[in-house]
Amino acid sequence: MDESSIAMILFGSFLVLLVMGAPVTVALGVSAMASFIVLEENPIKLVQIAFTSVGSFPLMALPAFILAGALMEAAGISKRLVALAESFAGPFTGGISAAAVLACMFFGAISGSGPATTAAVGMLMIPAMVKRGYEKGYASAITASSGGLGIIIPPSIPMVIFGISAIGLAVPPEAIEQHGEFQSVSITKLFVAGVIPGLVVSCSLLLLNYIRCKKAGYLGTEGGWDFDQIGYAFKNGFWSILAPLVILGGIYSGFFTPTESAIVAIFYTLFVGVFIHRELSWNDIFRSLETTTWLSGRVLLILFTATVFGRLLVENQIPAIVAESMLSLTDNLYLIWVLIIGFLLFVGMFMETLAAIMILTPVLLPVTYSLGIDPVHFGIVMVCCLSIGFSTPPLGENLFVASGISNVSLEEVTAKALPFALMSALAVFVIAFFPELTLFLPAMLGY
């Protein structure tokens, strides 16, 4: 059977099952099994591939980072970071909403999850913005849009998943012959590379927020900055500020790996929550463990089936067909980037981020290799694109979270969030067209 027929079976059955309302895991598994049956291969192979997919050492970071994020919220670390960001609002136009963006950056550095960042920051910042005279819809929109920073600012769970997916893919020999050797992919390198792109996206949101707040008349405080309040917030949040510094500092200095840093984050949070803040109870710990178990199990189920799905794509040369099709349209690198980013933005609107990464990495990464695009650069662009999907309908998890917190209709929050999604998309094009933004920091640190 030819490759196009296998592609039709894989993607056709997958899309039909999604339309019928089947979970992503079921859709991936059934479409992969259907292909095995058509190819007359032993179905045991599906189980073997799925089992080996969880044998990766970097994957241990996944449940550890989820647990660390849940514990930090329970230990009071997240609310202290948000309070510190709020204290810097001051007399700036749109200062309090800008503080919400900064708070999402802070929390993103310890969470790695978009909806978790939106929930943690939104619970505190949305009421604070409304108190300052902001419309509830706008307050919800800026929080939902900034929540996507949770998966761009390292540590990032989607970056871990991309790294695991990319590490197992060999570089096509023709790409090496044409462009030379490519650098290897590692979780640490992705974390380092994500810092500047995360700042670029953050600055784009801050710029649009300033413009919209100025137009709407959302002014800052009349009395300037309250340095006593800033000092109190800094003193109260000192141990919270140290959390991202300990995690990222240890990774970037090479003192420990991302997987080890997640374990360090857990013990650091337990120490701060029990002995410093004294807010972490046994019930909080058990709830955090329950959350970690549920989220990790959900991700691993997707990983099982997505790995098999991706292996079938590679074995049947489907990525090569996609690459040939795209290159037949144009060989202009910038136009190819436009096609890839447009496709990822579209997929992000309809598909869960982790599933999209695991399905599309085996398809798109060989295409980027054939164009000479650095795999780390592509991984960051991919994560940035899919982060926008958190604040765009119909999936838009951050929109649902922010709407639930503010009790504003989903339609109103969505309408006010779309300009921020467009601004973030423009920032992604800047990141894609200027790879130095992604690759400068890893090169400077010797990766």
Side-chain angles (χ1 to χ4, degrees), residues 69-70 72-108 110-111 113-150 202 205-206 208-210 212-226 228-230 232-234 236-237 240-241 277 279 284 287 390-391 396-417 419-420:
M72 284 178 180
E73 188 170 357
I77 288 177
S78 59
K79 71 180 181 182
R80 285 169 171 80
L81 288 174
V82 172
L84 179 63
E86 185 181 356
S87 70
F88 282 104
F92 276 123
T93 297
I96 188 70
S97 49
V101 179
L102 296 176
C104 287
M105 289 175 60
F106 276 130
F107 194 75
I110 58 175
S111 163
S113 166
T117 300
T118 304
V121 175
M123 290 292 289
L124 298 169
M125 293 303 291
I126 291 176
M129 282 186 270
V130 172
K131 190 176 179 181
R132 295 277 186 95
Y134 284 66
E135 287 184 52
K136 279 188 177 181
Y138 183 82
S140 304
I142 183 64
T143 306
S145 302
S146 305
L149 296 172
S202 302
L205 293 173
L206 289 170
L208 182 59
N209 173 68
Y210 175 80
R212 295 182 71 180
C213 287
K214 189 171 184 179
K215 185 177 179 181
Y218 298 147
L219 304 177
T221 56
E222 294 181 359
W225 282 285
D226 186 340
D228 289 338
Q229 182 184 356
I230 293 174
Y232 175 77
F234 183 83
N236 196 39
S240 301
I241 298 169
H277 295 165
E279 296 180 16
D284 293 327
R287 275 196 299 270
F390 283 112
S391 56
E397 295 174 73
N398 289 2
L399 298 175
F400 287 98
V401 173
S403 173
I405 292 171
S406 62
N407 199 26
V408 174
S409 70
L410 185 63
E411 292 77 12
E412 183 180 347
V413 177
T414 301
K416 294 184 184 301
F420 288 110

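Keep in mind the model is a prediction, meaning the values are calculated, not measured. One is the number of the first residue; the rest follow in order along the sequence.
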A.B. asks: Please report the interatomic distance CD1(Ile126) to CG(Asn407), rounded to the nearest 0.5 Å.
C.D. replies: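 Result: 11.0 Å between the selected atoms.
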
A.B. asks: Might you point out which heavy atoms bring Val101 and Ser202 nearest each other, and give the distance in Å?
C.D. replies: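 Val101 and Ser202 have their closest heavy atoms at CG1-O, 4.2 Å.
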
A.B. asks: For the residue pair Ser240 and Met72, establish whether any side-chain heavy-atom pair is separated by less than 4.5 Å.
C.D. replies: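 They are not in side-chain contact.
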
A.B. asks: Any heavy-atom pair between the side chains of Phe390 and Thr118 that's under 4.5 Å?
C.D. replies: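 In short, these two side chains do not touch, never coming nearer than 4.5 Å.
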
A.B. asks: Can a donor-acceptor pair be found, under 3.5 Å and without considering hydrogens, that links the side chain of Arg212 to the backbone of Lys416?
C.D. replies: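 It does hold such a pair.
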
A.B. asks: Measuring from Thr93:OG1 to Lys214:NZ, what's the distance to the nearest 0.5 Å?
C.D. replies: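 The distance works out to 6.5 Å.
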
A.B. asks: Return the CD to CG distance between Glu411 and Leu399, rounded to the nearest 0.5 Å.
C.D. replies: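 Answer rounded to 0.5 Å: 10.5 Å.
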
A.B. asks: What are the two closest heavy atoms between Lys136 and Val130, and how far apart are they?
C.D. replies: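 Looking at all heavy atoms of both residues, the closest pair is CG-CG2, 3.5 Å.
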
A.B. asks: Atom OG of Ser140 and atom CD1 of Ile405: how far apart are they, to the nearest 0.5 Å?
C.D. replies: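 Reported value, rounded in 0.5 Å steps: 8.0 Å.
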
A.B. asks: Using only heavy-atom distances, determine whether the side chains of Asn209 and Ser97 contain a donor-acceptor pair under 3.5 Å.
C.D. replies: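 On atom types as modelled, these side chains qualify, holding a pair under 3.5 Å.
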
A.B. asks: Work out which heavy atom in Pro419 is nearest to a heavy atom in Leu208; give both atom names and the distance.
C.D. replies: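 Looks like O-CD2, 3.3 Å.
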
A.B. asks: Answer whether the closest heavy-atom distance between the side chains of Ser145 and Asn398 falls below 4.5 Å.
C.D. replies: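 No. Closest side-chain heavy atoms not under 4.5 Å.
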
A.B. asks: Roughly how far apart are Glu135 CD and Tyr218 OH, rounded to 0.5 Å?
C.D. replies: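 If we round to the nearest 0.5 Å, Glu135:CD and Tyr218:OH are 4.0 Å apart.
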
A.B. asks: Check for a donor-acceptor pair, side chain of Ser403 on one end and backbone N or O of Val408 on the other, with a separation under 3.5 Å.
C.D. replies: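 Between the backbone of Val408 and the side chain of Ser403 there is a qualifying donor-acceptor contact (under 3.5 Å).
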
A.B. asks: Ala141 and Ala417: which non-hydrogen atoms are nearest, and at how many Å?
C.D. replies: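 Shortest heavy-atom separation between Ala141 and Ala417 comes out as CB-N, 3.6 Å.
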
A.B. asks: Is there side-chain contact between Tyr134 and Cys213, with at least one heavy-atom pair below 4.5 Å?
C.D. replies: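 SC-SC contact between Tyr134 and Cys213 confirmed.
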
A.B. asks: What distance separates Ile142 CD1 from Met125 CE, expressed to the nearest 0.5 Å?
C.D. replies: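 Ile142 CD1 to Met125 CE: 10.0 Å, rounded to 0.5 Å.
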
A.B. asks: What is the minimum heavy-atom distance between Glu279 and Ala75, and which atoms define it?
C.D. replies: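 Looks like OE1-O, 3.8 Å.
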
A.B. asks: Give a yes or no on whether the backbone of Gly76 and the side-chain of Arg80 come within a donor-acceptor separation of less than 3.5 Å.
C.D. replies: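 Side chain of Arg80 to backbone of Gly76, a donor-acceptor pair under 3.5 Å: yes, one is there.
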
A.B. asks: Please step through side-chain contact (heavy atoms from CB on, under 4.5 Å) for the pair Tyr138 and Val413, ending with a clear verdict.
C.D. replies: CA-CA 7 Å; Tyr138 183 82; Val413 177; over 6 Å; no

